[in-house]
Structures are given as C-alpha cells and as structure tokens.
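Report on one structure; see the data block that follows.
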Amino acid sequence: IDGGNIVKSRTKVIMTSRIVYKNRKRYRKEQLIEKLKKLLDVKQVIIIPQCPRDKFGHADGMVRFYDGVKDEMTAFASDYCRDLSFKKKFYKALKGQGVWPSFIPYNPYNNKGYLDATGVYINYLQIGKLVIYPIYGLKEDDLAEKWFTSFFGSNAMPIKANAIAREGG
C-alpha cells in the first residue's frame with residue numbers, strides 16, 4: 001500500500017488499480033479488496049483506473065471526498081478534459097460505486113516532468129473550515145477560484161504553489 005493511493009472517508013476508501021496490479025501475485029482482486037477493508041476499517045473499497053500521467057498511481061491527485069464524515073457520496077475529481085476516454089472510465093468507476101464526482105480544474109499537460117504537479121488543484125489543504133488551494137498563474141486559476149468559492153465560500157484562500165508543485169505537490 002502506498003499512502004498517496006489511499007483516499008479515505010469514514011466508511012470508504014478510493015484507490016487506483018495500481019494496488020491490484022502490484023499485489024496480483026499474492027491476491028486475487030476480490031481477496032485483496034476484502035483484506036483492504038479489514039486493514040483500513042472500511043465497508044467499501046473503490047478501485048478507479050490509474051491516471052496515465054501518474055508514474056506512482058496515486059489516487060490523492062485524482063479524487064477526494066467532499067466531506068468524508070457527513071457526505072460520502074460526493075467526491076471532488078480532477079477534470080481530465082483533455083483525455084475524454086480516461087475521464088469516461090474514471091467517472092464510470094466512481095459512479096458505479098455510488099460516488100458522484102464534481103469536477104475540479106486540472107491542467108498539468110504542459111509540465112516538464114512526471115513529478116511536476118503544476119495545474120493539479122485537488123491537492124488543497126483544509127484546516128477546519130479554512131481551505132487553502134493552489135494557484136499557478138494558469139488560466140485555470142480563475143476556474144479554480146470560482147469552483148472553490150462555490151463549495152467553500154469565503155473560507156477558500158488561494159496560495160501561489162508553483163515552487164512546491166514542481167517537486168510533486
């Protein structure tokens with residue numbers, strides 16, 4: 001298990017298909033899911049396809065629960081608008097498990113290396129009601145501002161994050 005591949009709410013975990021692939025010699029998919037449920041103390045393990053741009057197969061750059069205590073049916077999901085085939089598979093995997101995504105801006109397409117998280121807005125920090133979200137000097141920053149404000153109102157605060165994003169987020 002890789003920590004970046006665990007997106008947990010109170011009773012659910014979302015992980016990419018990388019967990020199945022990396023454990024294929026030890027467990028059948030069904031066995032692995034049952035083991036993960038016990039280890040992570042959840043009722044449901046949701047497997048989503050791995051993002052083709054992510055060398056590590058992390059779910060945390062793709063999706064997160066809006067409120068994992070009160071609302072485990074709504075998730076924020078990176079909007080793979082330039083890869084509609086992948087977006088369709090991703091959406092289908094979430095929806096098929098009863099999780100409804102709200103798509104957040106996403107634009108890492110011009111990044112130089114696989115570690116660079118510039119344009120990934122889902123890696124925001126929430127402390128109580130305060131939400132600190134990244135901006136990068138991209139046109140998507142305006143979309144991100146509208147998106148974060150629509151969900152978190154005046155509690156949403158942008159922070160320039162280019163330097164940290166270049167090192168992986």
Side-chain angles (χ1 to χ4, degrees), residues 1-111 113-126 131 133-134 140 143-144 147-148 150-152 161 165 168-169:
I1 295 178
D2 188 64
N5 196 18
I6 299 172
V7 175
K8 189 175 185 299
S9 70
R10 191 173 42 80
T11 67
K12 298 178 183 187
V13 168
I14 300 174
M15 302 176 87
T16 69
S17 56
R18 184 175 197 106
I19 190 76
V20 177
Y21 176 77
K22 287 289 190 175
N23 289 281
R24 69 191 182 284
K25 293 180 181 174
R26 283 189 76 184
Y27 301 101
R28 289 187 337 270
K29 182 179 177 180
E30 298 76 23
Q31 289 175 309
L32 179 62
I33 288 174
E34 287 306 313
K35 184 146 184 99
L36 289 168
K37 283 181 188 178
K38 289 178 187 166
L39 286 170
L40 300 171
D41 191 28
V42 293
K43 294 178 182 173
Q44 186 178 14
V45 174
I46 299 166
I47 304 294
I48 58 174
Q50 178 178 331
C51 176
R53 299 181 51 81
D54 184 357
K55 178 180 178 179
F56 301 106
H58 286 184
D60 67 351
M62 299 174 66
V63 64
R64 73 188 287 168
F65 286 101
Y66 171 53
D67 182 338
V69 177
K70 298 176 194 163
D71 178 6
E72 295 179 291
M73 292 176 55
T74 304
F76 299 149
S78 291
D79 187 353
Y80 296 94
C81 59
R82 292 194 191 171
D83 188 349
L84 295 179
S85 173
F86 176 76
K87 182 177 178 178
K88 187 175 179 180
K89 290 179 204 171
F90 178 43
Y91 178 78
K92 184 177 179 182
L94 290 172
K95 187 177 165 190
Q97 295 295 314
V99 176
W100 299 94
S102 172
F103 290 105
I104 189 169
Y106 177 83
N107 184 8
Y109 300 106
N110 294 320
N111 295 352
Y114 67 88
L115 275 180
D116 193 345
T118 302
V120 180
Y121 295 88
I122 203 159
N123 286 333
Y124 63 87
L125 174 64
Q126 185 167 5
V131 172
Y133 66 92
E140 284 79 11
L143 293 171
W147 189 91
F148 278 98
S150 74
F151 278 96
F152 301 107

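All residue numbers in this chain count up from 1 along the given sequence.
- A donor-acceptor pair under 3.5 Å is absent between the side-chain atoms of Glu72 and the main chain of Ser9, judged by distance alone.
- In this structure, Gln31 contributes its side chain and Lys35 its backbone to no donor-acceptor pair below 3.5 Å.
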Is there a side chain to side chain contact (heavy atoms under 4.5 Å, CB included) between Arg82 and Asn107? Walk through the geometry before answering. CA-CA 9 Å; Arg82 292 194 191 171; Asn107 184 8; 3.9 Å; yes
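- A pairwise comparison of heavy atoms in Leu36 and Ile19 identifies CD1-CG1, 4.1 Å as the closest pair.
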Would Val45 and Leu32 satisfy side chain to side chain contact (heavy atoms under 4.5 Å, CB included), going step by step from the backbone distance to the final call? CA-CA 10 Å; Val45 174; Leu32 179 62; over 6 Å; no
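- Contact check for Phe151 versus Ser102: side-chain heavy atoms found under the 4.5 Å cut-off.
- Counting non-hydrogen atoms of neighbouring residues, nucleotides and ligands closer than 6.0 angstrom, the NZ atom of Lys89 reaches no more than 12 such neighbours.
- Side chain of Asp116 to backbone of Asn111: no donor-acceptor contact under 3.5 angstrom is found.
- Annotation: side chain of His58 is in contact with side chain of Asp2 (closest heavy-atom distance under 4.5 Å).
- Minimum heavy-atom separation, Phe86 to Cys51: CZ-CA, 3.5 Å.
- In this structure, Lys87 and Asp79 have side chains that are in contact, with non-hydrogen atoms separated by less than 4.5 Å.
- Here the shortest heavy-atom pairing between Phe90 and Ala77 reads CE2-CB, 3.6 Å.
- Tyr80 OH to Tyr91 OH: the interatomic distance, rounded to the nearest 0.5 Å, is 16.0 Å.
- In this structure, the side chains of Tyr27 and Glu34 stay at 4.5 Å or more apart for every pair of heavy atoms.
- In this structure, Glu140 contributes its side chain and Tyr121 its backbone to no donor-acceptor pair below 3.5 Å.
- In this structure, Arg64 contributes its side chain and Tyr124 its backbone to a donor-acceptor pair below 3.5 Å.
- The shortest distance between side-chain heavy atoms of Val99 and Lys12 falls below 4.5 Å.
- Phe76 has its ring centre less than 6.0 Å from the ring centre of Trp147.
- Annotation for Tyr109: atom OH counts as buried by contact number, over 12 foreign heavy atoms lying within 6.0 Å.
- Separation of atoms CD1 (Ile1) and CG (Asn23) is listed at 8.0 Å; rounding is to 0.5 Å.
- Tyr21 does not carry Arg18 over the face of its six-membered ring by the limits of under 6.0 Å from the centre and within 45° of the normal.
- In plain terms, the two heavy atoms of Ala93 and Ile46 that are nearest each other are O-CG2, 4.2 Å.
- Taken from OH in Tyr114 to CG in Asp54, the straight-line distance is 10.5 Å, to the nearest 0.5 Å.
- In this structure, Ile122 and Ser78 approach most closely via the heavy-atom pair CG2-OG, 3.8 Å.
- Using a 4.5 Å cut-off on side-chain heavy atoms (C-beta onward), Phe56 and Asn5 make no contact.
- When side chains are defined from C-beta on, Tyr106 does not count as touching Cys81, because their heavy atoms never get closer than 4.5 Å.
- Exactly one of Ile14, Ile48, Leu94 qualifies for a side chain to side chain contact (heavy atoms under 4.5 Å, CB included) with Met62. That residue is Ile48.
- Closest approach of Val7 to Phe65, counting heavy atoms only: O-CE1, 3.7 Å.
- Put simply, the side chain of Val13 reaches to within 4.5 Å of the side chain of Lys8, judged on heavy atoms.
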